[in-house]
Each structure stands twice: as C-alpha cells, then as structure tokens.
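Inspection log for the structure reproduced underneath, given as structure tokens.
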Protein chains: 2
Amino acid sequence: MTPQTPGPRGKRATILDVAAAASVSRQTVTRAMNDMAGISQETRERVQKLAAEMGYSPSRFAKGLVQGARTSIGLAIPDLTNPYFPAFASSVVEAAAERGWNVVVDDYGHGTGSAVDAAARLAPQVDALIGYLAPHANEVQALMGRRPVVALDSPDAGTAGGISFDYLQAARLALSHLASRGCRHVLFLDSDQGGPASSRSAAAAAVAAETGIRLTRLQAHPSAAAARSAVALLAAGGERADGILAFNDLMAAGVLKALRESGTSVPGDCSVIGMDGIPLGELLTPELTTLSLDLRSVGRAAVDLLDGLLSGSIQDRSPEAFLTLQHQLVVRQSA
Amino acid sequence: MTPQTPGPRGKRATILDVAAAASVSRQTVTRAMNDMAGISQETRERVQKLAAEMGYSPSRFAKGLVQGARTSIGLAIPDLTNPYFPAFASSVVEAAAERGWNVVVDDYGHGTGSAVDAAARLAPQVDALIGYLAPHANEVQALMGRRPVVALDSPDAGTAGGISFDYLQAARLALSHLASRGCRHVLFLDSDQGGPASSRSAAAAAVAAETGIRLTRLQAHPSAAAARSAVALLAAGGERADGILAFNDLMAAGVLKALRESGTSVPGDCSVIGMDGIPLGELLTPELTTLSLDLRSVGRAAVDLLDGLLSGSIQDRSPEAFLTLQHQLVVRQSA
DNA sequence: GTGCGCTACGTGAACGTTCACGTGGGTATA
DNA sequence: TATACCCACGTGAACGTTCACGTAGCGCAC
C-alpha cells in the first residue's frame, strides 16, 4: 500500500522505471496509462497497478512537448476579494473552457506585489495574458515578448490588445441622473491606487464642469471598509454633499453603511451611485443604483479578442485589437 | 513591424529557426533569450530583434522538461460567483505563491459541469489538486492517480487528504444562540445540491433533536436570488418560523431581503444566521450574524497539507492528512 | 614563441513522452 | 499447406529546450 518511497525528494519515477519493473516496453506502459488499444487487459491492469505503487505519473511537460501545446492563458487580477474580479474571472474561465483553454490565475493584491510580479510568475507558464495591469501594462507586455497581452482598463498601454471603458459616457449617465434628482454638490469617492486621479474620476470632473455640478474628490483604498471610514470621517467634519459617486460598488457599499450610521437618509438626504454592477448591489439596503457592466460579456470579449490575436485574424496593436465597452445606469433605490 | 506571419495556424518558430536566421547556434539564441553571459551585446540584440520579428517564444514544455518541473496545483471550485469561493481561492493563491507554486483555477458551476469535468481538464496540467469535490471526490482522486488530492468539505472521500468542518459544533453554537433569543421553530434553508440533505443540515437536525427545537427544512439553489424567492414563497404560504439558519451567507442575504419585503422585522420577528463569514455580511442591513470561518486559514491549511503530502512528510490517507476546522459564531445584528 | 587566460561562440547529450512503424506468433481462411 | 490477418508488444525517431562541455581566436606576460 505504501508507495516504494524513493525518499521524499527522490527523483520522480519515469516511464522507463515502470517499464523495467513490469518487464515491458515504454510503449506498453503508454498504452496502459492512456487506455489505448493494442494491449491485453491483464497487462494493462498489472502496469497500472505497478505505476500507482511507484508513484509514477506522466510528465506533463514531455507530454505537452510531443503532443503539441494546449493553449493556456494567464489571468492577472489585483484582488480576488472584490467581487467584481471573481465575476470577471469567472466569465474568462467560462469562455476559455469553451475553447479547451486552461486559465492560470494570479492575484497580486496581497502584500506589496504589482501586476509585474504576477506577470513574471505567469509568463513562463502561459501562451497569452489577460489582466488588469495599469499602470504597468507595457512592462508586462515586455515580459511576455511577442505573446499577446490584453490589458483591461489601461488605455494606450503598449499591449497587443486592450479593453477600455467609456468613462465619459458613464459619468454623463450618472451625473445627469443625479442632477435630475436635484443634486448640486457631488462627492467622487476615488480609489487611492493608480496615480493621482483615476480616469473614472477625471471623466467625472470633466462632465461636472460641463454640467455645472460642483464636484469634490476624496480618496480611499478601494474597499468597503476604507470607504466607510473615509465617509464617516467626512460626515463628522460637517462636510455636506447631496450626491456621492463611488469608484466601484464595493466602495459604494461602504458609503451606504457610513451614511446610515451618521443618520443620513439615502436617497432622501444624499443619493449614492456605484460602479461595476456586481450582484452585491441588489442585496444592500437601500438597493444600490449603479453604473453597470455586463460582467459576463467583459470576460468573453477579452477571450474573443485573445483568440483573434492568437489565430492571427486580428493584428497586434491594430485598431480592431482595442475595444471600448459602455456602462449602463441601473436605477435601483439609492439614487 | 509585421511578424513574418507563417500563416495564422503555421507552426510556431523554434529556436533552430531563429538560430538559422541569425546564422548562429541554438545555444547563442538561448543565451540571448535568457540574458545569460558569454555573448556580445551586439549579437544579443540582433538575435532578440530577430526572435521578436519571427514571433518566436520558447516552448514552456521543452523548458520545463529540461529544467525540472515547477510545481503547479489545480483548484477546482463550484462557483466563483459566491464570494466565499474567491475568498478561499485568494488564500490558496497567496499561500501557493509563497512557495513559488502556480495555481490553475477551474470553476465548474456554470452549465451542467461537475467537479469531475473540472478535474479532467486540470489533471494533465497539475501536480496536485485542491477543491470542493463532493460528492465526486473519489472519482477525482482516480483521475489524478497517485498525485495528491485535498478535498474540502467531503468527509470520508477516498482522497489523499481532506479538510472538513465540524458542523455539529457549528449547529450547537447557532441553535443554542437562537434558543437563547427565544426561538422555538427554526427553518434550515438548505442547498439543493449534493444529495438529499447536506451534512450541515443533518448536523442541525441532530442538534435540534437534542435541544427540543422544532426544525423544518427547505431547499433552494445556493444563491441569494433563489433563497430570496424560496422564503418569499414560504412567507406567502403563511408558514411562520421565528429563526432561520441558512446553508451559507449568500442564501442568508437573500433571506434578509425576502423578510424585509414581507414586512418581517429582523431580528424582532425572526432571527437569521448565516454560514461562512464572508465580508458581505457586514455590509447588509441588518448586519448578518454568522457562523464564521477564518477564510484566510482555510486556504492556507489546504496548501500546507498539500505541501506535506508532496514532500512526503505526511502520508497519504494517514490521520494527519485529515483536518477538521471549526466555525465561530460572530454575533452581529440579525440574531 | 610558449603558455595562460579570457571572450564569444559551437556541439553532443539529455529531459520523458508519444507517434509511426516494425515484428513475431497464433488463428482463421482459402 | 500456403496465405492472410489480427493481436500484443517492441524500437527508432522526434518534440524544443538547456546543460556541460569543447574550441577557435585573441591579447598579454614571461
């Protein structure tokens, strides 16, 4: 029962070891392991049992080498704890599975890691890469050489392809909705990552200037807890806004919490709009009005794009290799 | 600029093609590609440029074959849309990254897939497997041969190792808390997956029998939306319970929604307890009381276990290869 | 001019598997 | 009895890379 432990760190058994132990040839072992024809049932079982005892399992490298690669793609994601990213990852995995591709996931949000670290781990393992890479997208492409990289939300990165979002249009949707609700002074709760001001924030500022809405900006870590305490602090300081637009839904959830605790009614005293459209929004009280992305289609679009790049039907860095997706305003209760 | 497209599906360029084009040997190309010593700067750049133009990238299979495998592990997960699983996945990825391992994730919840499908996709790619595999854990182990499988929440599965949860203890915590709040009739909202009654539900039934609490059981798909409509239907039917214990936090969130809509006050008219301890619970209104798992430690425990199994310091199927973790009751507002 | 060392390269072998054949022996068919 | 065929199994070659050497050319010191 106990395998013939060749020592914990001993070299793994190879097909030749098994063949020798069973007094047959390599090929017969291959036939036994892969349930191929041309072998007697008796020999097949004897070899399989022996292989199990010796702890033999075929090297996936040797197999891949001779059989021709199954494509496998890397997925680099900042933080699996934000429900947006798993939802995205899920759609990528699904679309990749349809093509028989494997997906290797790496999240680099923990600790001090950046997208570059994740890409460095992924690069030797994969044929292509999808990820939220800003602001290091070009370094990642360099790491991948000529293998295609699709960067999300990282416009003008030097990658083979990209998917961006039309934040100007999104900001228009949100701010005009807020304006129609009578909001005059909107707070944009921005993420403190990715430079001085995110492109979402910049777009909101531009649209606000057009519209005559007063827009102030506050930064916090893009998590519910950080957003909550940032807004709590603000409320305690006496600052008053009649509308809040958050960098993402998770932060919006924190905002709702903070407002409830400070006794501010939503949307009565203050309207709140999130961004992403994750399912969480429907579970909150009040239900979150949000700029929603069709999460399914984002991942699918990225994989389709990659497929085109890999097959050559889309040229690297050509205009078709860059898509722009739009948000939709889903009006629920919070605004 | 355009690569010398050998046709979209043409064979990939190999190191020999590059060597021939540059009029150098394989080894010199290797030196150029891997930034090794013993090559002039001029040659290095010339080769690198040529390689890029030809679309050459080293085969990871050949590389892996000759350099010895980097361990990479598979992670099979039913549904990335339930925040519990990404949280778990995240901790696995983190712990694996510390050891320099790669993680290949596959979620099999979409469509009609089972854990066996995911394992079949993963098996040729990985050295070991972690996953929520019930009730197919033994088939998955068969697929993996002698490579270790760590099954979560799948007691007595024929896998190399496993991590289970002490649902009896968890049920005691929850039901005694509910009892102390005066609950007499508790509804267990069970998942409709994995057999007639989940082990969570069975444990609750056993404890309820001891305690003299009346326990009824209702099944639904383990999602917030399904739980919501199941409970709404029940409320419309006039069925009354003064406490609800849910299979997981996501279902509990749906329960809270349904109760609010039916005008039932929580915890006044009905107490609600979830299970998992995902961050979402804190964002709900009322905040969710839950049987909480230290999500970080679950993934870490699985990876530690796998490390032991791979290195041989823990024997397959030995008592040390099976851990049992305990839930803690986190009392917030809903009960 | 011999010896030494350095630089920039080239060559045989090996990694572990599968593919495409080749082979010996037995059994049915003509 | 000769022929054909099938079954179970074996052998050379190939996949694409890196490792461990080997080597030609050059400069420099003695």
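Within every chain, numbering begins at 1; the chains are lettered A, B, ... in the order of the sequence lines, protein sequences first and strands thereafter.
Between B/Phe61 atom CZ and C/dA14 atom C1' the separation is 19 Å, expressed in whole Å. Computed from coordinates, the A/Gln41 CD to D/dA8 P distance equals 10 Å when rounded to whole Å. For B/Asn34 and D/dT17, the CG to P distance is 10 Å, given to the nearest whole Å. Nucleotide C/dT7 holds its C1' atom 15 Å from the CD atom of B/Gln27, rounded to whole Å. Rounded to an integer number of Å, the gap from A/Met36 CE to C/dC21 C1' is 13 Å. Spacing between atom CD1 of A/Ile15 and atom P of D/dT11 amounts to 14 Å, rounded to whole angstrom units. Across the protein-nucleic acid pair, A/Arg60 atom CZ and D/dT17 atom C1' stand 16 Å apart, rounded to whole Å. The distance between atom CZ of B/Arg31 and atom C1' of D/dA20, rounded to the nearest whole Å, is 11 Å.
Taking only side-chain atoms of A/Ala62, from C-beta outward, the nucleotide of C/dG16, D/dA20, D/dC9 with the closest atom is C/dG16. Nearest to the side-chain atoms of B/Ser25 among the listed nucleotides C/dT11, D/dT17, C/dA20 stands C/dT11. Here the side chain of A/Val24 is nearest to one of C/dG16, D/dG10, D/dA8, namely D/dG10. You'll find that the side chain of B/Leu65 is closest to D/dG16, out of C/dG10, D/dA8, D/dG16.
When heavy atoms are screened at a 4.0 angstrom cut-off, A/Thr30 is found touching base atoms of the nucleic acid.
Taking OG of A/Ser90 as the start and CZ of A/Phe85 as the end, the distance is 14.5 Å to the nearest 0.5 Å. Note that CZ of A/Phe61 and OG of B/Ser59 are 9.5 Å apart. Values are rounded to the nearest 0.5 Å.
Sequence order on DNA chain C of the closest nucleotides to B/Arg46 and A/Val29 puts B/Arg46 first from the 5' end. Between B/Val66 and B/Ile39, the residue anchored closer to the 5' end of DNA chain C is B/Ile39, taking for each the nucleotide with the nearest heavy atom.
Neither side chain, B/Tyr108 nor B/Tyr132, offers a donor N or O lying under 3.5 Å from an acceptor on the other.
Put simply, the side chain of A/Val24 reaches to within 4.5 Å of the side chain of A/Val29, judged on heavy atoms.
No hydrogens or angles were tested; on distance alone, nothing pairs the side chain of B/Gln67 with the base of D/dC19 as donor and acceptor under 3.5 Å. No hydrogens or angles were tested; on distance alone, a donor-acceptor pair under 3.5 Å links the side chain of A/Arg26 to the base of D/dG12.
In this structure, B/Thr43 reaches the C/dC9 phosphate: one of its side-chain N or O atoms is under 4.0 Å from OP1 or OP2. Phosphate contact (OP1/OP2 of C/dC15, side-chain N/O of A/Ser59, threshold under 4.0 Å): absent.
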Salt bridge (charged side-chain N to carboxylate O under 4.0 Å, His left out) evaluation trace for A/Glu98 with A/Arg300:
CA-CA 11 Å; A/Glu98 287 171 10; A/Arg300 186 162 296 276; 3.2 Å; yes

